[in-house]
Amino acid sequence: MLKQRLLTIISIGLIIAGAVLTYLGMEREIVLIVDGQPQTVRTRALTLGSIVRQAGFTPGPNDRLTPAASSWMLSTTRARLDRAVHVQLANSQDDSIQSLELVERIPANLLAAAGILLFPGDRLTLNGATLDPYTALPTGSPVVLEFQAATPITVVDGESQQTVYASGDTVYEALWQGGIDLSLADRLSLAGSTPINGPLTVELDRAQPVTIQLAGAAVQTATTAETVGALLTQAGIPLQGLDYAVPAEDQPLPDDRVVRVIRVSEEIALEQKAIPFTSSYQQDNETELDTSRVITAGEYGIEVSRVRIRLEDGAETGRTAEAAWVAKEPQNQLLGYGTQPVVKTIDTPYGTLEYWRAVTAFATSYSPCRLGIPNYCNTQTSSGAQLRQGIVAVTRAWYSWMRGQQVYIPGYGVAVVGDVGGGIPGRYWIDLGYTDADYKSWASNVTVYFLTPVPGSIPWILP
């Protein structure tokens, strides 16, 4: 009996030991993929539900286990837990809000589950930020999705027309979403900030290139302006004061698309001009003949003019005298003209000669058949003497008091004033006489020495 009991105890022990060994031998690794992230769980649990709870997760009613929670995991080493996401979906089309709790994380599929199909141009935002509808939603926190259906916008661009579907709030956003590039100078028929509340038609006027030429620079820009003035206003280059443009402000833009701006300014200047003084003479018996001395010095006067100077692009283009006045009157000069003849001498081929006056004159020559009259000859002079070397002619003004006066001309010799000639206006002049046989041509300045005796009547100032 004791032996039988002992065998029973040993058998039970062996059974318990085998069970313990079997339990210990059942520990294994299960790969549990939670929301797409794999993790390894060491477990002896037999069902997936037990394994998930052992891993610290409590599946909700909308979560999804693959395989089912009651599935035995004796031969399966991988399982999946996809937890449901709480999503609030706001639809701008009907201003409705739906609350969803789904395992699905692809936004496009979520929308499809809510009965909303996506079309090109529709916009989906996640917590206010634009979302790719085919990018999986994040796990964890509740999600707020907003759906905005695209609105058709008809864009008329010159001769072409296209329709874009945009979900932006304004015209600018719609055009940007539709891939329509705009420059700052382009013009829209609707303001870019116009809200989109339904289908719209927008006309686009493309800016065209234009060159604005300034002094020393050229500004390249683009414009939709139709007149020069509108262009300059758009470009921030307004005309001021006397400025002008070519073409003028009210003219259409030229065919060559080049507009010139001329900056105009004016300056006021005071200019001075000398007023000449006049000279008068009075007889001075203490001064040598043909010399003079200043009795009262002359002084120039001053005339001041106010002048308006016009400058275009910095260069002077005109002056206009506006007023003039005499700032200082001129003071006339008084000269004393000498009346005292002084006898001097000169050495000549004829010996030493005395003279009382020497005058520089322009000398020409003549002879009986060289009188300046074609086909005419005459030997008679005004004094009655026959024309020959030694007879000289002077102007009538000189002849009236010089007749019979002896003179000496270097290179010609001693002569007598015995004839009247025409003279050269504005110059002292003497014509030297010859016969036709011994004629010599003269055309030069000479010194005429008036020989003694001194006449009783002398013109102190030669006419």
Side-chain angles (χ1 to χ4, degrees), residues 157-158 172 181-193 203-281 294 296-335 424-427:
D157 186 354
Y172 272 148
D181 294 328
L182 297 176
S183 73
L184 292 176
D186 292 341
R187 184 170 60 186
L188 298 173
S189 60
L190 296 177
S193 58
E203 294 182 2
L204 174 57
D205 185 7
R206 294 286 186 182
Q208 300 301 315
V210 66
T211 300
I212 303 175
Q213 291 183 342
L214 302 166
V219 176
Q220 306 291 336
T221 185
T223 185
T224 57
E226 296 180 355
T227 65
V228 172
L231 162 67
L232 297 179
T233 299
Q234 286 183 4
I237 309 176
L239 299 180
Q240 300 175 348
L242 299 173
D243 296 347
Y244 66 94
V246 179
E249 281 185 279
D250 58 352
Q251 296 300 305
L253 295 182
D255 293 338
D256 62 2
R257 311 289 292 179
V258 176
V259 173
R260 184 183 174 204
V261 173
I262 296 90
R263 298 298 190 191
V264 180
S265 61
E266 288 187 338
E267 297 177 355
I268 300 297
L270 296 179
E271 296 183 346
Q272 294 186 2
K273 182 175 68 174
I275 303 174
F277 57 83
T278 60
S279 296
S280 59
Y281 297 89
V294 177
T296 302
E299 293 184 6
Y300 285 94
I302 299 175
E303 180 183 86
V304 179
S305 299
R306 185 178 66 204
V307 178
R308 185 178 299 273
I309 303 173
R310 181 182 175 91
L311 304 171
E312 294 188 1
D313 291 338
E316 182 178 329
T317 59
R319 290 182 172 231
T320 303
E322 296 186 333
W325 62 95
V326 176
K328 178 184 177 183
E329 294 287 350
Q331 177 177 310
N332 293 334
Q333 178 174 258
L334 178 61
L335 298 174
I424 299 176
R427 302 176 69 175

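For the pair I302 and V326, the minimum side-chain heavy-atom distance is 4.5 Å or more. Using a 4.5 Å heavy-atom threshold, the side chains of Q331 and T296 count as touching. At least one side-chain heavy atom of L335 sits less than 4.5 Å from a side-chain heavy atom of V294. Residues P238 and T233 fail the side-chain proximity criterion, which asks for heavy atoms closer than 4.5 Å. A heavy-atom distance below 4.5 Å is found between the side chains of L334 and S280.
Of all heavy-atom pairs between V228 and A248, the closest is CB-O, 3.4 Å. Across A274 and Y300, no two heavy atoms sit closer than the pair CB-CD2, 4.1 Å. Of all heavy-atom pairs between E312 and V264, the closest is CG-CG2, 4.0 Å. Among all heavy-atom pairs drawn from W325 and L270, the shortest one is CH2-CD2, 4.0 Å. The shortest heavy-atom contact between T223 and Q234 is OG1-OE1, 2.5 Å. Taking each heavy atom of L253 and L231 in turn, the nearest pair found is CD2-CD2, 3.7 Å.
With rounding to the nearest 0.5 angstrom, the NZ atom of K328 is 10.0 Å from the CD1 atom of I275. Interatomic distance, I237 CD1 to L214 CG, rounded to the nearest 0.5 Å: 5.0 Å. The distance from the CD atom of E299 to the CD atom of Q333 is 10.5 Å, given to the nearest 0.5 Å. The structure places CD1 of I262 at 9.0 Å from CG of L239, a figure rounded to the nearest 0.5 Å.
By the 6.0 Å contact criterion, CD on E226 is open, its count of non-hydrogen atoms from other residues, nucleotides or ligands being 12 or less. For F277, the CZ atom is densely surrounded, since the number of other residues' heavy atoms within 6.0 Å is greater than 12.
Residues that satisfy the side-chain contact (heavy atoms from CB on, under 4.5 Å) test with R308, not counting sequence neighbours, are E266, I268, E322.
Applying the side-chain hydrogen bond (donor to acceptor under 3.5 Å, both in side chains) test to residues at least two apart or on different chains, the pairs with a partner in residues 213-222 are T211-Q220. Sequence neighbours left out, the pairs with a member in residues 249-264 that pass side-chain hydrogen bond (donor to acceptor under 3.5 Å, both in side chains) are D243-R263.
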When you look at V210 and V258, which way does the side chain to side chain contact (heavy atoms under 4.5 Å, CB included) test go after all the steps?
-> CA-CA 6 Å; V210 66; V258 176; over 6 Å; no

